[in-house]
Amino acid sequence: MEDPGFEATVLRVGERRIDVYRALRMIEPVSLWQAECLLDAVPLVLQGYGLEDVRTRADRLRAAGAEVTVSCRACGRSVPEEGAWIDAAPCAEAGWPYCPASGDQPPSMVWYP
(Lines give C-alpha, C1' and ligand atoms only; values in the text may rest on other atoms or scores of the structure.)
Protein backbone atom coordinates (compact mmCIF):
# COMPACT_ATOMS: atom_id res chain seq x y z
CA MET A 1 0.00 0.00 0.00
CA GLU A 2 1.26 3.47 -0.79
CA ASP A 3 1.68 6.04 1.95
CA PRO A 4 -1.00 8.79 1.57
CA GLY A 5 1.55 11.51 2.26
CA PHE A 6 1.83 14.37 4.69
CA GLU A 7 1.86 18.15 4.57
CA ALA A 8 3.27 20.95 6.67
CA THR A 9 1.13 24.06 7.07
CA VAL A 10 2.70 27.38 8.02
CA LEU A 11 0.08 29.07 10.20
CA ARG A 12 2.03 32.13 11.30
CA VAL A 13 5.38 33.57 10.26
CA GLY A 14 6.28 35.16 13.58
CA GLU A 15 8.56 38.06 14.42
CA ARG A 16 11.70 36.73 12.71
CA ARG A 17 10.32 37.03 9.17
CA ILE A 18 13.68 37.13 7.38
CA ASP A 19 14.82 33.95 9.16
CA VAL A 20 11.61 32.22 8.06
CA TYR A 21 12.15 33.43 4.46
CA ARG A 22 15.66 31.96 4.54
CA ALA A 23 14.42 28.68 6.00
CA LEU A 24 11.75 28.42 3.30
CA ARG A 25 14.38 29.03 0.64
CA MET A 26 16.45 26.17 2.09
CA ILE A 27 13.59 23.69 1.71
CA GLU A 28 11.92 25.01 -1.46
CA PRO A 29 13.60 26.29 -4.66
CA VAL A 30 12.22 29.83 -4.52
CA SER A 31 13.73 33.29 -4.65
CA LEU A 32 13.61 35.68 -1.70
CA TRP A 33 10.81 37.62 -3.40
CA GLN A 34 8.81 34.42 -4.01
CA ALA A 35 9.34 33.33 -0.41
CA GLU A 36 8.03 36.69 0.80
CA CYS A 37 4.96 36.42 -1.47
CA LEU A 38 4.24 32.86 -0.31
CA LEU A 39 4.59 33.69 3.37
CA ASP A 40 2.47 36.84 3.06
CA ALA A 41 -0.42 34.56 2.07
CA VAL A 42 -0.39 32.24 5.10
CA PRO A 43 -1.62 29.61 5.69
CA LEU A 44 0.94 28.09 3.34
CA VAL A 45 0.76 24.35 2.66
CA LEU A 46 4.02 22.55 1.86
CA GLN A 47 3.35 19.05 0.59
CA GLY A 48 5.68 16.12 0.99
CA TYR A 49 5.47 12.37 0.88
CA GLY A 50 7.40 10.82 3.72
CA LEU A 51 6.67 11.76 7.30
CA GLU A 52 10.35 12.33 8.07
CA ASP A 53 10.71 14.66 5.06
CA VAL A 54 7.78 16.79 6.17
CA ARG A 55 8.88 16.80 9.81
CA THR A 56 12.35 17.97 8.76
CA ARG A 57 10.83 20.83 6.76
CA ALA A 58 8.55 21.78 9.64
CA ASP A 59 11.41 21.68 12.15
CA ARG A 60 13.51 24.05 10.04
CA LEU A 61 10.65 26.52 9.80
CA ARG A 62 9.90 26.24 13.53
CA ALA A 63 13.55 26.87 14.36
CA ALA A 64 13.32 30.06 12.31
CA GLY A 65 10.30 31.24 14.31
CA ALA A 66 7.28 30.08 12.27
CA GLU A 67 4.25 28.29 13.69
CA VAL A 68 3.87 25.06 11.70
CA THR A 69 1.62 22.00 11.93
CA VAL A 70 2.12 18.63 10.25
CA SER A 71 -0.89 16.60 9.14
CA CYS A 72 -1.87 13.48 7.21
CA ARG A 73 -3.14 14.36 3.73
CA ALA A 74 -5.64 11.51 3.71
CA CYS A 75 -7.47 12.04 7.00
CA GLY A 76 -6.36 15.59 7.87
CA ARG A 77 -5.46 14.78 11.46
CA SER A 78 -2.48 16.57 12.96
CA VAL A 79 0.64 14.53 13.55
CA PRO A 80 1.57 14.59 17.26
CA GLU A 81 5.06 15.15 18.57
CA GLU A 82 7.61 12.37 18.10
CA GLY A 83 6.65 9.19 19.92
CA ALA A 84 2.95 10.00 20.50
CA TRP A 85 0.11 8.12 18.81
CA ILE A 86 -2.82 9.49 16.89
CA ASP A 87 -6.13 7.99 18.00
CA ALA A 88 -6.80 4.50 16.71
CA ALA A 89 -9.45 5.50 14.17
CA PRO A 90 -8.76 4.33 10.63
CA CYS A 91 -7.31 6.73 8.11
CA ALA A 92 -9.73 8.08 5.50
CA GLU A 93 -7.55 6.58 2.76
CA ALA A 94 -9.17 3.33 1.61
CA GLY A 95 -7.32 0.30 2.87
CA TRP A 96 -5.51 1.87 5.82
CA PRO A 97 -6.57 0.28 9.13
CA TYR A 98 -4.78 3.01 11.11
CA CYS A 99 -3.37 6.42 10.27
CA PRO A 100 0.26 6.15 9.09
CA ALA A 101 0.98 9.40 10.93
CA SER A 102 0.96 7.29 14.09
CA GLY A 103 4.20 5.64 13.02
CA ASP A 104 4.48 1.88 13.27
CA GLN A 105 1.30 -0.10 13.65
CA PRO A 106 0.54 -0.62 17.34
CA PRO A 107 1.08 -4.23 18.42
CA SER A 108 -2.47 -4.42 19.81
CA MET A 109 -3.92 -3.74 16.35
CA VAL A 110 -4.33 -6.77 14.16
CA TRP A 111 -5.58 -6.26 10.64
CA TYR A 112 -6.53 -9.02 8.28
CA PRO A 113 -7.23 -7.88 4.71
Side-chain angles (χ1 to χ4, degrees):
M1 245 181 273
E2 187 174 322
D3 193 339
F6 299 91
E7 61 189 19
T9 305
V10 179
L11 302 174
R12 193 171 64 82
V13 175
E15 296 176 12
R16 299 169 29 208
R17 293 182 72 81
I18 293 176
D19 293 337
V20 177
Y21 295 157
R22 288 179 182 153
L24 180 62
R25 291 184 66 205
M26 289 176 65
I27 61 175
E28 294 287 327
V30 295
S31 69
L32 183 58
W33 178 80
Q34 290 169 322
E36 183 178 1
C37 290
L38 288 171
L39 292 171
D40 282 344
V42 291
L44 170 65
V45 177
L46 302 171
Q47 295 192 5
Y49 293 98
L51 181 57
E52 290 307 313
D53 172 50
V54 174
R55 275 191 172 152
T56 301
R57 292 173 177 208
D59 289 344
R60 283 189 182 174
L61 290 166
R62 285 182 189 129
E67 183 181 332
V68 183
T69 62
V70 176
S71 60
C72 175
R73 265 194 286 182
C75 64
R77 289 181 283 182
S78 293
V79 176
E81 294 298 318
E82 196 77 37
W85 291 93
I86 288 180
D87 59 40
C91 195
E93 185 71 21
W96 283 100
Y98 69 100
C99 185
S102 294
D104 295 330
Q105 183 175 0
S108 63
M109 292 184 72
V110 179
W111 178 57
Y112 299 101

In residues 6-15, what donor-acceptor pairs under 3.5 Å come from side-chain atoms, sequence neighbours left out?
residue: R12; atom: NE; partner: E67; partner atom: OE1; Å: 3.4

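Residues A58 and V70 come closest through the heavy atom pair CB-CG2, 3.6 Å. Taking both residues in full, the closest heavy atoms of L39 and V42 are given as O-CG1, 3.2 Å, listed atom of the first, atom of the second, then distance.
To the nearest 0.5 Å, the span separating OG1 on T56 from CD1 on I27 amounts to 9.5 Å. For the atom pair CG of D59 and CZ of R55, the computed distance is 8.5 Å after rounding to the nearest 0.5 Å.
Transitive grouping of hydrophobic side chains (ILVMFWY, heavy atoms separated by less than 4.5 Å) brings L32 and L38 into a common cluster. Side-chain heavy atoms closer than 4.5 Å link hydrophobic residues (I, L, V, M, F, W, Y) into clusters, and following such links, possibly through other members, connects Y21 to V68.
Listed by first and then second residue, the salt bridge (charged side-chain N to carboxylate O under 4.0 Å, His left out) pairs that reach into residues 21-32 are D19-R22, E28-R57, sequence neighbours excluded.
Considering only residues two or more places apart in sequence or on other chains, E36 meets the salt bridge (Lys or Arg N to Asp or Glu O under 4.0 Å) condition with none of them.
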